[in-house]
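Working notes for the structure below.
The basis for the numbers below is simple: all heavy atoms, side chains too, and nothing from hydrogens, waters or symmetry mates.
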Amino acid sequence: QVQLAESGGGLVQAGGSLKLSCVGSRGTFSRYNIGWFRQAPGKEREFVAVITWSGRSTDYTGSVKGRFTISRDNAKNTASLQMNSLKAEDTAVYYCAAGFRGSDEARTYDSWGQGTQVTVSS
């Protein structure tokens, strides 16, 4: 399993931007699809975005399309989630995950980071 660590969360006003980072170690990062999920208190974990191992294909949940962009740099074992035009409903703990066939379901991922808090004030 690859080990993952997220960073970049924080407090931002509605309409602002944040960029989250995910760093992989102890594994072949480039062989995994990387997904981003989020979970608000009392809510179930929600799919946000996924990028394939090569970075050639991406997918997003409808509520973030046009606002969020997922990317990766395999040479640096990192993946990023650029979040623009943030809304209060984006407030959650954000997790990155790695899976050989990771898609839009949490069960398709094997490794998870510890999460980073994103709070959007209105």
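Note that CD of Gln13 is 13.0 Å distant from OG1 of Thr119, once rounded to the nearest 0.5 Å. Between atom OH of residue Tyr94 and atom SG of residue Cys22 there is a gap of 15.0 Å, rounded to the nearest 0.5 Å. Expressed to the nearest 0.5 Å, how far CD1 of Ile34 lies from CG of Asn74 amounts to 8.5 Å. Between the OG1 atom in Thr116 and the CG atom in Leu81 there is a gap of 11.0 Å [rounded to 0.5 Å]. Rounded to the nearest 0.5 Å, atoms CD (Gln117) and CG (Leu11) are 9.5 Å apart. Asp73 CG to Ser30 OG: the interatomic distance, rounded to the nearest 0.5 Å, is 11.0 Å.
The closest side-chain donor-acceptor pair between Ser80 and Gln82, if any, does not fall under 3.5 angstrom.
Remark: the backbone N or O of Arg26 is not paired with any side-chain donor or acceptor of Gln3 at under 3.5 angstrom. With hydrogens and angles disregarded, a donor-acceptor distance shorter than 3.5 Å links the side chain of Arg67 to the backbone of Ser85. Checking side-chain atoms of Thr91 against main-chain N and O of Val120 turns up a donor-acceptor pair under 3.5 Å. A side-chain donor-acceptor contact under 3.5 Å links Gln114 to the backbone of Glu6.
The two atoms that bring Ala14 and Ser122 nearest to each other are CB-CA, 4.4 Å, heavy atoms only. Residues Ile70 and Trp36 share a closest heavy-atom pair of CD1-CD1, 3.5 Å. Between Tyr60 and Phe68, the shortest heavy-atom contact is CE2-O, 3.3 Å. Across Ser17 and Asn84, no two heavy atoms sit closer than the pair OG-OD1, 2.9 Å. When all heavy atoms are compared, the tightest approach of Ala40 to Ala92 is N-CB, 3.9 Å.
Side-chain heavy atoms closer than 4.5 Å link hydrophobic residues (I, L, V, M, F, W, Y) into clusters, and following such links, even through other members, never connects Val93 to Val12. Cluster annotation: Phe37 and Leu20 are assigned to distinct hydrophobic clusters (Ile/Leu/Val/Met/Phe/Trp/Tyr, side-chain heavy-atom contacts under 4.5 Å, transitive).
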**OP:** Please report the C-alpha distance between Val23 and Phe29 in whole Å, then the side-chain angles of each, then the deciding distance to 0.1 Å, and finally whether the side chain to side chain contact (heavy atoms under 4.5 Å, CB included) criterion is met.
**Re:** CA-CA 9 Å; Val23 179; Phe29 185 84; over 6 Å; no
Original post:
Should Val118 and Met83 be marked as a side chain to side chain contact (heavy atoms under 4.5 Å, CB included) after you check the CA-CA gap, both sets of side-chain angles, and the distance that decides it?
Top reply: CA-CA 10 Å; Val118 172; Met83 305 185 294; 3.9 Å; yes
**OP:** Please assess Val64 against Val48 for the test side chain to side chain contact (heavy atoms under 4.5 Å, CB included), listing each intermediate value before the final yes or no.
**Re:** CA-CA 7 Å; Val64 308; Val48 177; 4.2 Å; yes
Would you mind writing out the side-chain donor-acceptor pairs for residues 106-113 within the sub-3.5 Å range, not counting sequence neighbours?
{"from": "Arg107", "atom 1": "NE", "to": "Glu105", "atom 2": "OE1", "distance (Å)": "2.8"}
{"from": "Arg107", "atom 1": "NH2", "to": "Glu105", "atom 2": "OE1", "distance (Å)": "2.6"}
{"from": "Thr108", "atom 1": "OG1", "to": "Ser103", "atom 2": "N", "distance (Å)": "3.0"}
{"from": "Thr108", "atom 1": "OG1", "to": "Glu105", "atom 2": "O", "distance (Å)": "2.6"}
{"from": "Tyr109", "atom 1": "OH", "to": "Ser103", "atom 2": "N", "distance (Å)": "3.3"}
{"from": "Tyr109", "atom 1": "OH", "to": "Ser103", "atom 2": "O", "distance (Å)": "2.5"}
{"from": "Ser111", "atom 1": "OG", "to": "Val2", "atom 2": "O", "distance (Å)": "3.0"}

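Between Tyr32 and Phe100, the ring centre distance stays below 6.0 Å.
For residues 41-57, the pairs satisfying side chain to side chain donor-acceptor pair (under 3.5 Å) are Arg38-Glu46, Gln39-Arg45, with sequence neighbours left out.
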